[in-house]
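Just below is one structure, and these are the notes that go with it.
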Amino acid sequence: MINRKFFFDEVRWSLFGGSLTQAQVDGMSGVLDEWEESHRNDDDRWLAYMLATIFHEVAKRMQPIHEFGSDAYFFRMYDKDGERPAVAKALGNTHKGDGVKFHGRGFVQLTGRDNYKRMSDLLGVNLIKNPTTR
C-alpha cells in the first residue's frame, strides 16, 4: 500500500509549490486507488511515469481535461483541411471535422481518430461515435 500521507506531503512541496487543491488530491487519489487495486505487484516506476505524464499533460490540474484551444485552433492543427494535413493524416483524421471532434482529451490528451479508435477497441466503448465519453 502506498503511504498516502508521505506521498501527498512530498508532492505538495516538490511539485505543487506547497499547496494542493482538492481536485488535484482527488485526481491523484483516483490513480493511486487504481494502482493499488490492479497493479500493486507491478514496478512502482510505472506509477511514477503515469503520474508524471498526467502532471505534464493536464498542466498540473491532475484531472482529465480538454486540450486548450478553440474549435478554430483544433481545425487548423488537426483537420485534413487545416494548416497541417500531414499531421491530420498521421492521426487518422480523414473526415472533415475530425480535427475538432478528436482533439485532445483526458489525462493523456488522446488526440486523433486513429487513437480514439484504438482506445474504443481496448475499452469496449464507442469513442468514435461519442468522443466525449468518460
Side-chain angles (χ1 to χ4, degrees):
M1 298 300 282
I2 296 166
N3 180 332
R4 301 281 176 113
K5 180 178 180 340
F6 177 81
F7 172 81
F8 284 111
D9 285 348
E10 290 298 314
V11 299
R12 179 179 294 110
W13 290 104
S14 62
L15 298 175
F16 295 96
S19 64
L20 291 166
T21 66
Q22 189 60 53
Q24 288 168 322
V25 171
D26 292 346
M28 288 184 281
S29 292
V31 173
L32 297 176
D33 290 347
E34 178 61 27
W35 181 264
E36 289 176 338
E37 176 70 27
S38 303
H39 302 281
R40 69 177 152 264
N41 296 320
D42 293 341
D43 189 331
D44 287 341
R45 291 176 294 182
W46 287 106
L47 173 60
Y49 178 80
M50 286 187 295
L51 289 167
T53 300
I54 293 167
F55 178 84
H56 172 75
E57 292 282 328
V58 301
K60 300 182 184 181
R61 287 170 173 77
M62 306 312 285
Q63 289 288 321
I65 64 170
H66 283 264
E67 180 178 359
F68 302 132
S70 64
D71 286 356
Y73 170 81
F74 301 137
F75 178 84
R76 282 194 322 273
M77 299 303 286
Y78 306 129
D79 205 87
K80 71 181 192 77
D81 296 327
E83 295 174 4
R84 304 183 326 157
V87 170
K89 184 177 180 181
L91 291 170
N93 290 346
T94 57
H95 300 83
K96 187 176 184 95
D98 279 356
V100 174
K101 186 174 183 180
F102 300 112
H103 68 271
R105 291 183 179 89
F107 277 128
V108 295
Q109 299 301 284
L110 181 66
T111 305
R113 178 181 282 273
D114 284 352
N115 291 322
Y116 275 72
K117 176 68 170 108
R118 284 186 194 100
M119 290 308 295
S120 292
D121 294 345
L122 182 68
L123 298 172
V125 175
N126 190 343
L127 297 174
I128 299 298
K129 182 177 178 182
N130 186 1
T132 61
T133 299
R134 286 182 146 195

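Keep in mind that the numbers below use all heavy atoms, side chains included, and drop hydrogens, waters and symmetry copies.
No more than 12 heavy-atom neighbours from other residues, nucleotides or ligands sit within 6.0 angstrom of NZ on Lys117. For Phe68, the CZ atom is densely surrounded, since the number of other residues' heavy atoms within 6.0 Å is greater than 12.
Not a single side-chain hydrogen bond (donor to acceptor under 3.5 Å, both in side chains) links Lys89 to another residue, sequence neighbours left out. Shown here are the salt bridge (charged side-chain N to carboxylate O under 4.0 Å, His left out) partners of Asp79, two or more places apart in sequence or in another chain: there are none. Residues meeting the salt bridge (charged side-chain N to carboxylate O under 4.0 Å, His left out) test with Arg76, sequence neighbours left out: Glu83. Here Gln109 pairs with nothing under the side-chain hydrogen bond (donor to acceptor under 3.5 Å, both in side chains) rule; sequence neighbours left out. Residues forming a side-chain hydrogen bond (donor to acceptor under 3.5 Å, both in side chains) with Arg40 (at least two apart in sequence, or on another chain): none. Remark: Phe55 engages Phe16 in a ring-ring contact (aromatic ring centres under 6.0 Å, His included) (not counting sequence neighbours). For the salt bridge (charged side-chain N to carboxylate O under 4.0 Å, His left out) test, no residue two or more places apart in sequence or in another chain qualifies with Asp42. Legend: residues meeting side-chain hydrogen bond (donor to acceptor under 3.5 Å, both in side chains) with Ser38, ordered by chain and number and at least two apart, are Glu34. Under the salt bridge (charged side-chain N to carboxylate O under 4.0 Å, His left out) criterion, Arg84 pairs with no residue at all, not counting sequence neighbours.
In this structure, CG on Leu32 lies 11.0 Å from CG on Asn3, to the nearest 0.5 angstrom. Phe75 CZ to Lys101 NZ: the interatomic distance, rounded to the nearest 0.5 Å, is 15.5 Å. The distance from the CD1 atom of Ile128 to the CE atom of Met119 is 11.5 Å, given to the nearest 0.5 Å. Going from atom CG of Asp44 over to atom CG of Asn41 covers 10.0 Å, rounded to the nearest 0.5 Å.
Side-chain atoms of Leu51 and Val11, non-hydrogen and from C-beta on, never get closer than 4.5 Å to each other. In this structure, the side chains of Met50 and Thr53 stay at 4.5 Å or more apart for every pair of heavy atoms. Side-chain contact between Ser120 and Lys129: absent, with no pair of heavy atoms (C-beta onward) separated by less than 4.5 Å.
Legend: salt bridge (Lys or Arg N to Asp or Glu O under 4.0 Å) pairs involving residues 47-60, not counting sequence neighbours: none detected. Residue pairs meeting the ring pair (Phe, Tyr, Trp, His ring centres under 6.0 Å) criterion with at least one partner in residues 76-106, sequence neighbours excluded, are His66-His103, Phe74-His103, Phe102-Tyr116. Each ring pair (Phe, Tyr, Trp, His ring centres under 6.0 Å) pair with one or both residues in residues 28-52, not counting sequence neighbours, appears once here: Trp35-His39.
Among all heavy-atom pairs drawn from Gly82 and Pro85, the shortest one is O-CD, 3.8 Å. Considering all non-hydrogen atoms of both residues, Thr111 and Gly104 come closest at OG1-CA, 3.3 Å. Scanning all heavy atoms of the two residues, the minimum distance from Lys80 to Ala88 falls at N-CB, 3.6 Å. Minimum interatomic distance between Asp114 and Ala90 (heavy atoms only, all atoms of both residues): OD2-O, 4.3 Å. Shown here for Met62 and Ile54, the closest heavy-atom pair between the two residues is CE-CG2, 3.7 Å.
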Between Arg105 and Thr132, does a side-chain contact (heavy atoms from CB on, under 4.5 Å) hold up when you go through it step by step? CA-CA 8 Å; Arg105 291 183 179 89; Thr132 61; 3.8 Å; yes
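Ion pairing of Asp9 with Arg12 is present here, as a side-chain N (NZ or NE/NH1/NH2) and a carboxylate O approach within less than 4.0 Å. Salt-bridge formation is detected for the pair Lys96/Asp81: a Lys NZ or Arg NE/NH1/NH2 atom is positioned less than 4.0 Å from an Asp or Glu carboxylate oxygen.
In the hydrophobic clustering of ILVMFWY residues, with side-chain heavy atoms under 4.5 Å counting as a link, Val87 and Val108 come out apart. Linking ILVMFWY side-chain heavy atoms closer than 4.5 Å, directly or via other members, places Val100 and Leu91 in a single hydrophobic cluster. Following chains of ILVMFWY side-chain contacts shorter than 4.5 Å, one cannot reach Trp13 starting from Leu20, and the two form parts of different hydrophobic clusters. Both Leu47 and Val58 belong to a common hydrophobic cluster when Ile, Leu, Val, Met, Phe, Trp and Tyr are linked at side-chain heavy-atom distances under 4.5 angstrom. Side-chain heavy atoms closer than 4.5 Å link hydrophobic residues (I, L, V, M, F, W, Y) into clusters, and following such links, possibly through other members, connects Phe107 to Met28.
The backbone N or O of Arg113 lies less than 3.5 Å from a partner atom in the side chain of Asn93, making a donor-acceptor pair.
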